[in-house]
Amino acid sequence: MKKKDHIKNIRNIGIIAHIDAGKTTVTERMLYYTGRSHKIGEVHNGEAIMDWMPDEQERGITITSAVTTCHWKGSDVQIIDTPGHVDFTIEVERSLRVLDGAVGVFCAVGGVEPQSETVWRQADKYLVPKMAFINKLDRVGADFFGSIEMMKKRLDANPLILQLPVGLEDDFSGVIDLINMKQIIWEDEALGETFTKEDIPQNLLGTATEYHEKLIEAIAEVDDDIMEDYLSETPVTLERLIGAIRKATIDLKLVPVLCGSALRNKGIQPLLDAIVKFLPSPLDVPPIKGVHPETGQHIECRANDADSLAALIFKVSMIEGRKLSYVRIYSGTMNAKADTYNSSRKKSEKLSRILKMHANKRERIDSAGAGSLVGVIGLKESSTGETLCSIDHPVLLEKIEFYEPVISVAVEPKTHADQEKLDQVLEKFMAEDPTLKLQKDEDTGQTILSGMGELHLEVIISRMQREFKTNVNVGKPQVMYRETIEKEGHASAVFDKEVAGQRHFAKVMLKLTPLERGTENRFRSEITDETIPDMFIPTIKKGVMESLESGVLMGYPVVDVEAVLTGGVNKESLSTELAYTVSASMACKTALTKGESFLLDPIMNVEVFVPEAFVGDVIGDLNSRNGKIESIEHKMGVQVIKVVVPLALMFGYSTSLRSATQGRGTFTMQFSHFDRC
């Protein structure tokens with residue numbers, strides 16, 4: 001096979017969805033039907049191949065995104081199974097950054113749930129073409145068309161129905177293929193391997209014909225050639241129809257929708273067919289753009305094995321004490337035992353091994369080309385979001401955005417032996433997970449670990465004890481507040497000291513202004529080169545920005561502030577970078593005090609699913625937590641209460657909800673914004 005043809009047959013896809021929509025179950029079936037695994041692993045009994053970590057098996061949820069490759073009808077399908085829980089949303093973010101397509105899995109009962117919305121928006125941000133698979137059609141309360149309507153309303157998506165379910169709930173037996181106008185029925189006894197394609201029965205033919213027409217109409221609206229045929233009533237050939245659906249999917253105009261029940265082994269083979277037919281290869285998506293690290297010149301990295309290497313590290317994992325870096329190769333070829341250049345750090349690194357990944361199993365390969373997702377061992381200093389390239393043709397790809405933590409706990413070692421290990425273990429976890437932050441509280445001497453939620457920190461502590469045999473005492477969770485200012489604050493500071501036999505002098509005058517909520521901190525200069533030379537401006541900015549990392553009230557990061565350099569003094573032989581950094585930091589702290597700093601609370605969007613009989617008690621409890629009820633909707637036999645609540649008042653809410661609803665209530669919570677305490 002020619003190299004170009006090989007790239008054309010690669011599909012890099014992610015399985016994304018809300019927790020418990022069935023992502024891992026769908027992935028397990030894909031691996032089984034493609035022959036990648038020889039038995040079906042089930043999430044509920046802890047045997048799923050993709051959920052290989054002990055914590056995942058115990059909890060029955062996906063915690064870390066797992067990579068695997070399978071083969072289907074001449075194509076290499078590289079799959080990343082992502083977590084659905086909001087605490088691990090960074091795993092989805094960094095996966096979508098390197099994927100060419102995504103399959104959104106929706107529960108036919110729950111429809112578009114909150115985290116489904118979050119991951120869908122993440123995919124929109126990276127312009128990732130998507131398909132939808134409506135799962136769990138065998139469950140009581142399954143509503144195929146209700147889920148389609150929710151996709152339109154909540155995701156602003158344009159669904160293209162390619163299949164209709166045959167029966168629902170206990171009667172669900174197969175699907176109607178609206179492209180080929182055939183009925184596909186699976187045999188229950190054969191683990192879904194055996195299915196028959198047959199003519200559509202008379203009682204379903206009318207509905208199938210109606211939706212086939214709607215399918216053609218929907219494609220005609222986004223494809224001029226199909227529109228011409230449609231208006232002239234010329235039959236559209238199967239080949240042109242498939243080509244038009246593929247183009248509309250890749251152009252983000254339509255979202256093909258398929259359906260089934262992964263747990264009952266129905267609907268997966270047509271989903272695999274659709275992934276190969278409609279989702280893009282690395283050649284179908286625009287070339288990734290980068291910049292030259294020295295000149296800033298824009299560079300396009302095309303999917304071609306013969307071009308210069310350009311690859312992005314999208315994840316780092318510590319397995320058995322060794323650092324494993326997950327890499328997406330955008331262009332060029334990566335060879336084992338070869339030198340590579342990290343343009344983010346401007347350092348050379350040696351690749352000792354390249355691995356083809358299958359969850360936690362690995363297969364050594366000598367090289368990997370454009371479009372590949374591989375594991376790499378041997379990178380000592382490189383970390384998540386950094387670029388690997390050739391030293392002759394350096395390129396810097398856009399970094400991955402990371403989320404700020406909202407909750408923290410104090411951890412302390414139980415024994416002296418644990419003390420020695422603790423710092424090393426935490427360093428490894430932080431290399432793996434950029435949303436994990438560590439700081440030492442100088443007043444108390446405590447080690448403070450901050451993360452995205454209670455479950456996130458719980459899993460880290462569990463892994464610390466299980467994988468690294470490090471036992472710790474854990475304090476109660478604390479909220480990671482933010483600080484900001486009420487009004488404009490002006491300040492100046494002078495640094496004039498002798499350090500190591502040399503006198504350092506600088507004076508900096510600053511103005512801090514409050515910005516709108518949700519705006520990032522900004523810095524600008526209003527002075528001329530005569531007041532302070534331009535070469536010192538980046539140094540002053542650095543001093544200000546570092547100072548804003550710790551506020552004057554309680555040491556929390558300062559947000560939504562603009563710092564303006566309004567003046568200063570420069571003495572030619574005495575002014576140094578050190579002096580300007582320190583004086584800028586001092587002026588910033590004084591200006592924060594004059595600006596009347598106050599605390600900001602993390603506010604959470606919460607959805608509570610509760611049976612009708614318990615609504616009153618649940619609302620009373622939410623009101624006692626300063627919750628603001630936004631809406632109450634009836635959905636699928638339960639009441640859905642949407643509410644915004646300060647995170648500080650939500651600790652232990654799962655226990656309260658269980659006791660108030662006899663264990664029948666559930667809730668989802670995700671960060672919304674920061675607001676005044």
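Just so you know, these numbers come straight off a predicted model, no measurement behind them.
Counting only distance, with no hydrogens or angles, the side chain of Ser672 and the backbone of Asn605 share no donor-acceptor pair below 3.5 Å. Not one N or O on the side chain of Asn180 forms a donor-acceptor pair closer than 3.5 Å with the backbone of Asp177. A donor-acceptor contact shorter than 3.5 Å is absent between the side chain of Ser331 and the backbone of Asp307. Side chain of Ser281 to backbone of Leu283: a donor-acceptor contact under 3.5 angstrom is found. Looking only at distances, no side-chain donor or acceptor of Arg364 sits under 3.5 Å from a matching main-chain atom of Lys356. With hydrogens and angles disregarded, a donor-acceptor distance shorter than 3.5 Å links the side chain of Ser352 to the backbone of Ile377.
Of all the heavy atoms in Phe278 and Leu162, the pair that sits closest is CE1-CD1, 3.6 Å. For the residue pair Leu397 and Gly290, the shortest heavy atom distance occurs at CD2-CA, 4.2 Å. Nearest heavy atoms, Thr34 versus His71: CB-O, 3.4 Å. Taking all atoms of both residues into account, the shortest heavy-atom contact from Ala336 to Ile354 is N-CD1, 3.4 Å. Ser147 and Val112 make their closest contact through O-CG2, 4.4 Å (heavy atoms, listed as atom of the first residue, atom of the second, distance). Scanning both residues, Cys107 and Arg139, for their nearest heavy atoms gives SG-NH1, 3.8 Å.
A heavy-atom distance below 4.5 Å is found between the side chains of Glu381 and Glu349. Val291 is not listed as a side-chain neighbour of Ile299, based on a closest heavy-atom distance of 4.5 Å or more. Looking only at side-chain heavy atoms (C-beta outward), Val175 and Pro165 stay at 4.5 Å or farther from each other. Contact annotation: the side chain of Met151 approaches that of Val257 to within less than 4.5 Å [non-hydrogen atoms, C-beta and beyond]. Looking only at side-chain heavy atoms (C-beta outward), Val98 and Tyr326 stay at 4.5 Å or farther from each other. The shortest side-chain heavy-atom distance between Val376 and Leu355 does not fall under the 4.5 Å cut-off. With contacts defined as side-chain heavy-atom distances shorter than 4.5 Å, the pair Ser367/Met334 does not qualify. Looking at heavy atoms from C-beta onward, Leu449 lies in side-chain contact with Leu426 at the 4.5 angstrom threshold.
Judged purely by distance below 3.5 Å, without hydrogens or angles, the side chains of Asp138 and Ser261 pair a donor atom with an acceptor atom. Side-chain polar atoms of Thr25 and Glu28 form no donor-acceptor pair below 3.5 angstrom. In the model, Gln269 has no side-chain atom that pairs as donor or acceptor with a side-chain atom of Trp72 under 3.5 Å. In summary, the side chains of Asn342 and Ser382 do present a donor paired with an acceptor at a separation below 3.5 Å, with no hydrogens or angles considered.
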Exercise. Given side-chain contact (heavy atoms from CB on, under 4.5 Å), test Thr249 with Leu279 step by step and report yes or no.
Key: CA-CA 7 Å; Thr249 306; Leu279 287 181; 4.2 Å; yes

Exercise. Please test Ile184 against Lys266 for side-chain contact (heavy atoms from CB on, under 4.5 Å), starting from the C-alpha separation and ending with a verdict.
Key: CA-CA 9 Å; Ile184 308 173; Lys266 292 170 185 169; over 6 Å; no

Quiz prompt | Working for ring pair (Phe, Tyr, Trp, His ring centres under 6.0 Å), residues Tyr211 and Phe145 | solution = CA-CA 12 Å; Tyr211 277 93; Phe145 292 108; 5.3 Å; yes

Exercise. Just do the side-chain contact (heavy atoms from CB on, under 4.5 Å) check on Val316 and Leu324 with the steps written out, would you?
Key: CA-CA 6 Å; Val316 170; Leu324 172 66; over 6 Å; no

Exercise. Dump the intermediate steps for salt bridge (Lys or Arg N to Asp or Glu O under 4.0 Å) on Arg345 and Glu386, then the final yes or no.
Key: CA-CA 8 Å; Arg345 293 179 183 256; Glu386 294 179 354; 2.9 Å; yes

Quiz item: Lys73 and Asp273: salt bridge (Lys or Arg N to Asp or Glu O under 4.0 Å), yes or no, with the steps?
Solution: CA-CA 8 Å; Lys73 297 187 177 175; Asp273 288 340; 2.9 Å; yes

Self-check item: Worked check of side-chain contact (heavy atoms from CB on, under 4.5 Å) between Ile268 and Val26
Solution: CA-CA 7 Å; Ile268 303 301; Val26 167; 4.3 Å; yes

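Here ring pair (Phe, Tyr, Trp, His ring centres under 6.0 Å) pairs that include residues 108-130, with residues two or more places apart or in two chains, are Phe106-Trp120.
To the nearest 0.5 Å, the span separating CG on Leu178 from CD on Gln163 amounts to 8.0 Å. Taken from CD1 in Ile13 to CD1 in Ile79, the straight-line distance is 5.0 Å, to the nearest 0.5 Å. Atom CD1 of Ile15 sits about 9.0 Å away from atom CE of Met131, to the nearest 0.5 Å. Atoms SG and CG, from Cys70 and Leu31 in turn, are 5.5 Å apart once rounded to the nearest 0.5 Å. Between the OG atom of Ser450 and the CG atom of Leu457 there is a distance of 7.5 Å, given to the nearest 0.5 Å. Atoms CD1 and CD1, from Ile179 and Ile219 in turn, are 7.0 Å apart once rounded to the nearest 0.5 Å.
Taking a cutoff of 4.0 Å between a charged side-chain nitrogen and a carboxylate oxygen, Arg246 and Asp284 qualify as a salt bridge. Between Asp223 and Lys247 there is no salt bridge, since no side-chain N of the basic residue sits under 4.0 Å from a carboxylate O of the acidic one.
Atom CZ of Arg302 sits in a sparse spot, with 12 or fewer heavy atoms from other residues, nucleotides or ligands closer than 6.0 Å. Other residues, nucleotides and ligands contribute more than 12 heavy atoms inside 6.0 Å of the CD atom of Glu300.
Here Asn158 pairs with Leu254 under the side-chain contact (heavy atoms from CB on, under 4.5 Å) rule; sequence neighbours left out.
For the pair Arg328 and Tyr330, the distance from NZ or CZ to the six-membered ring centre is under 6.0 Å and the angle to the ring normal is within 45 degrees.
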